[in-house]
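Okay, structure first, notes after.
Owing to the predicted nature of the structure, the values given are computational and were not obtained by experimental measurement.
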Amino acid sequence: MEVKEIKAFGTEAAEAPLNQMSINRRIPTPHDVEIEILYCGVCHSDLHTVRSEWGPSLYPCVPGHEIVGKVVSVGGHVSKFKVGDMVGVGCMVDSCRECQYCSEGLEQYCEPGMTGTYNSPDQHLPGNPTFGGYSESIVVDENYVLRIPDNLDPAAAAPLLCAGITTYSPLRHWNVGPGKKVGIVGIGGLGHMGLKLAKAMGAHVVAFTTSESKFAEAQRLGADEVVLSKNAEQMAAYHGKLHFILDCVSAEHDINAYLALLRVDGSLALVGAPEHPLPVAAFSLIPGRKSFAGSMIGGIAETQEMLDFCAEHNIPADIEIINIQQINEAYERLLKGDVKYRFVIEMASLKK
Ligand code: NAP
Ligand code: ZN
Ligand code: ZN
């Protein structure tokens with residue numbers, strides 16, 4: 001297959017820092033859209049993956065799955081997009097399109113497995129991994145490309161492609177809305193979107209943070225109440241009070257302390273994906289018929305629905321724009337919870 005060499009930022013090994021490298025992109029097939037990447041958000045999953053925290057990753061590894069850019073060329077059979085359109089690509093670039101989940105718009109749970117935007121075997125370039133958005137451009141089948149609404153700032157829209165949909169999908173699935181008391185745990189990239197979205201859906205929102213510096217800001221982001229989770233007294237005040245909790249924490253923490261805050265029949269959904277298991281006590285669940293669940297991103301149609309919801313309710317992400325050369329430093333700050341609330345790489349910096 002014909003390829004084009006482009007600039008990217010990635011790593012050759014779990015222990016190595018990210019550096020500039022060259023990668024190959026396929027020449028667009030008739031169903032492909034070629035996108036010049038303008039912005040790419042920095043998700044904590046990028047860090048987990050480049051460091052092989054979830055098991056061995058494929059190297060070289062070029063992360064980035066919060067991609068916004070401009071269409072620069074389209075294949076002959078593309079009907080949904082044209083040159084010049086502002087588009088997005090999230091965490092997946094393909095799936096089998098035939099299984100029950102794909103046909104129901106749940107491509108993220110595709111039976112043979114979706115193709116991740118990075119760190120998946122590339123179906124088009126056998127023997128290579130897929131490479132993500134820390135790069136000049138990307139080529140994606142039009143069915144896995146999203147439309148960025150005109151009134152969203154493209155840089156602040158980038159984090160919606162993962163942080164936005166990963167919080168939107170479970171909030172919808174567990175029927176968050178008026179009359180529901182909802183907890184959002186861990187106010188990072190995902191958590192701050194969770195606050196904004198749950199508030200826009202009409203719920204009563206309680207933020208749980210370990211960071212005193214985020215305490216006041218959580219209210220601006222949409223929290224009706226804020227709890228410093230290290231403070232046992234503040235936590236005890238919410239025992240048995242919440243209908244639903246969305247846990248967005250990237251590291252080990254005591255899940256039983258949060259299950260205790262659920263009402264009878266309440267659910268806690270984990271979207272945070274720490275490297276090590278989180279022990280759950282039987283009696284955290286049994287007495288209140290409680291559910292402990294998980295959720296992974298969202299389907300393509302639901303991602304478009306979320307983007308349109310954010311456009312309608314004027315919900316951008318709160319971002320700090322960085323150059324690609326600052327990425328290793330940004331990862332260190334991410335590990336300290338020191339980001340308000342999402343780093344977004346201005347990809348023009350790759351040309352420097
Ligand atoms: P992030 O921006 O780094 O935010 C994580 C937040 O968790 C921090 O800001 C901090 O919030 C809290 N936290 C961090 N370390 C903690 C600790 N030791 N104890 C308690 N709280 C801690 O990360 P993100 O990009 O939002 O991603 C969050 C997690 O979701 C990651 O594990 C990521 O891989 C995962 N993820 C999952 C999906 C999915 O489909 N399920 C999709 C995307 C990401 P406070 O300062 O408020 O305490
Ligand atoms: Zn992500
Ligand atoms: Zn499928």
Between [X] and [Y], does any side-chain donor sit less than 3.5 Å from a side-chain acceptor?
X: Ser135; Y: Arg25; result: yes
X: His243; Y: Asn175; result: no
X: Asn328; Y: Glu332; result: no
X: Tyr144; Y: Thr115; result: no

Please check this pair: side chain of [X] against backbone of [Y], looking for a donor-acceptor N/O pair closer than 3.5 Å.
X: Thr209; Y: Phe215; result: no
X: Asn323; Y: Gln325; result: no
X: Lys70; Y: Gly84; result: no
X: Lys214; Y: Ile187; result: yes
X: Ser95; Y: Cys110; result: no
X: Ser169; Y: Gly298; result: no
X: Glu107; Y: Gly299; result: no
X: Thr130; Y: Gly116; result: yes
X: Ser52; Y: Ser57; result: yes
X: Glu252; Y: His276; result: yes

From [atom1] ([X]) to [atom2] ([Y]), nearest 0.5 Å:
X: Thr167; Y: Leu190; atom1: OG1; atom2: CG; answer: 6.0 Å
X: Arg342; Y: Ile321; atom1: CZ; atom2: CD1; answer: 14.0 Å
X: His192; Y: Ile184; atom1: NE2; atom2: CD1; answer: 12.0 Å
X: Glu305; Y: Ile165; atom1: CD; atom2: CD1; answer: 7.5 Å
X: Met306; Y: Ile315; atom1: CE; atom2: CD1; answer: 10.0 Å
X: Glu346; Y: Ile319; atom1: CD; atom2: CD1; answer: 9.5 Å

Could you check whether atom [atom1] of [X] has more than 12 heavy atoms from other residues, nucleotides or ligands sitting under 6.0 Å from it?
X: Lys340; atom1: NZ; value: yes
X: Lys351; atom1: NZ; value: yes
X: Asp265; atom1: CG; value: yes
X: Tyr101; atom1: OH; value: no
X: Arg289; atom1: CZ; value: no

Worked verdict on Asp85 versus Lys80 for salt bridge (charged side-chain N to carboxylate O under 4.0 Å, His left out): CA-CA 10 Å; Asp85 285 354; Lys80 297 178 181 162; over 6 Å; no
Given side chain to side chain donor-acceptor pair (under 3.5 Å), test His204 with Glu225 step by step and report yes or no. CA-CA 8 Å; His204 183 91; Glu225 298 170 65; 2.4 Å; yes
Is there a chain of hydrophobic side chains (I, L, V, M, F, W, Y, each step under 4.5 Å between heavy atoms) that links [X] to [Y]?
X: Phe9; Y: Tyr59; result: no
X: Leu334; Y: Tyr118; result: no
X: Tyr168; Y: Tyr109; result: yes
X: Val74; Y: Ile300; result: yes
X: Leu335; Y: Ile322; result: yes

So which heavy atom on [X] is nearest to which on [Y], and how close?
X: Pro159; Y: Val344; answer: CG-CG2, 3.7 Å
X: Cys162; Y: Ile297; answer: SG-CG2, 4.3 Å
X: Gly194; Y: Leu171; answer: O-CD1, 4.0 Å
X: Val89; Y: Met92; answer: CG1-O, 4.5 Å
X: Asn151; Y: Ala311; answer: ND2-O, 3.0 Å
X: Met114; Y: Met296; answer: CE-CE, 4.5 Å

If hydrophobic residues (ILVMFWY) are linked whenever their side-chain heavy atoms come closer than 4.5 Å, directly or via other members, who joins Val280 in its cluster? Val185, Val206, Phe208, Val227, Met235, Tyr238, Leu242, Ile245, Val249, Ile255, Tyr258, Leu259, Leu261, Leu262, Leu268, Leu270, Leu278, Leu285, Phe292
Tracing side-chain links under 4.5 Å among I, L, V, M, F, W and Y, which residues wind up in one group with Val3?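 Noted: Val3 shares its cluster with Met1, Leu125.
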Less than 4.5 Å apart, side chain to side chain, heavy atoms only: is that true for [X] and [Y]?
X: Met347; Y: Lys7; value: no
X: Pro279; Y: Pro277; value: no
X: Glu142; Y: Ser79; value: yes
X: Leu146; Y: Leu161; value: yes
X: Asp247; Y: His253; value: yes
X: His48; Y: Ser250; value: yes
X: Ser137; Y: Ile6; value: yes
X: Pro60; Y: Met21; value: yes

Answer yes when Asp318 and Lys196 have at least one side-chain N-carboxylate O distance shorter than 4.0 Å, and no when they do not.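 Judged by the 4.0 Å cut-off on N to carboxylate O distance, Asp318 and Lys196 do form a salt bridge.
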Whether Arg172 engages the ring of Phe309 as a cation-pi pair (distance to the six-membered ring centre under 6.0 angstrom, angle to the ring normal within 45°) should be assessed. yes
In terms of the angle between their ring planes, are Trp174 and Phe244 parallel, tilted or perpendicular, with boundaries placed at 30° and 60°?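 If you compare the ring of Trp174 with that of Phe244, the planes turn out parallel.
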Would you be so kind as to tabulate the donor-acceptor pairs closer than 3.5 Å made by side chains of residues 33-42, with sequence neighbours excluded?
| unit_1 | atom_1 | unit_2 | atom_2 | d |
| --- | --- | --- | --- | --- |
| Glu34 | OE1 | Ser73 | OG | 2.7 |
| Glu34 | OE2 | Lys4 | NZ | 3.1 |

For Arg26 and Asp32, run salt bridge (charged side-chain N to carboxylate O under 4.0 Å, His left out): C-alpha distance rounded to whole Å, both residues' side-chain angles, the deciding distance at 0.1 Å, then the answer. CA-CA 10 Å; Arg26 67 178 180 271; Asp32 282 332; 2.8 Å; yes
When you look at Ile23 and Val62, which way does the side chain to side chain contact (heavy atoms under 4.5 Å, CB included) test go after all the steps? CA-CA 9 Å; Ile23 57 167; Val62 173; 4.0 Å; yes
Walk me through whether Asn119 and Phe131 qualify under side chain to side chain contact (heavy atoms under 4.5 Å, CB included). CA-CA 7 Å; Asn119 195 41; Phe131 295 121; over 6 Å; no
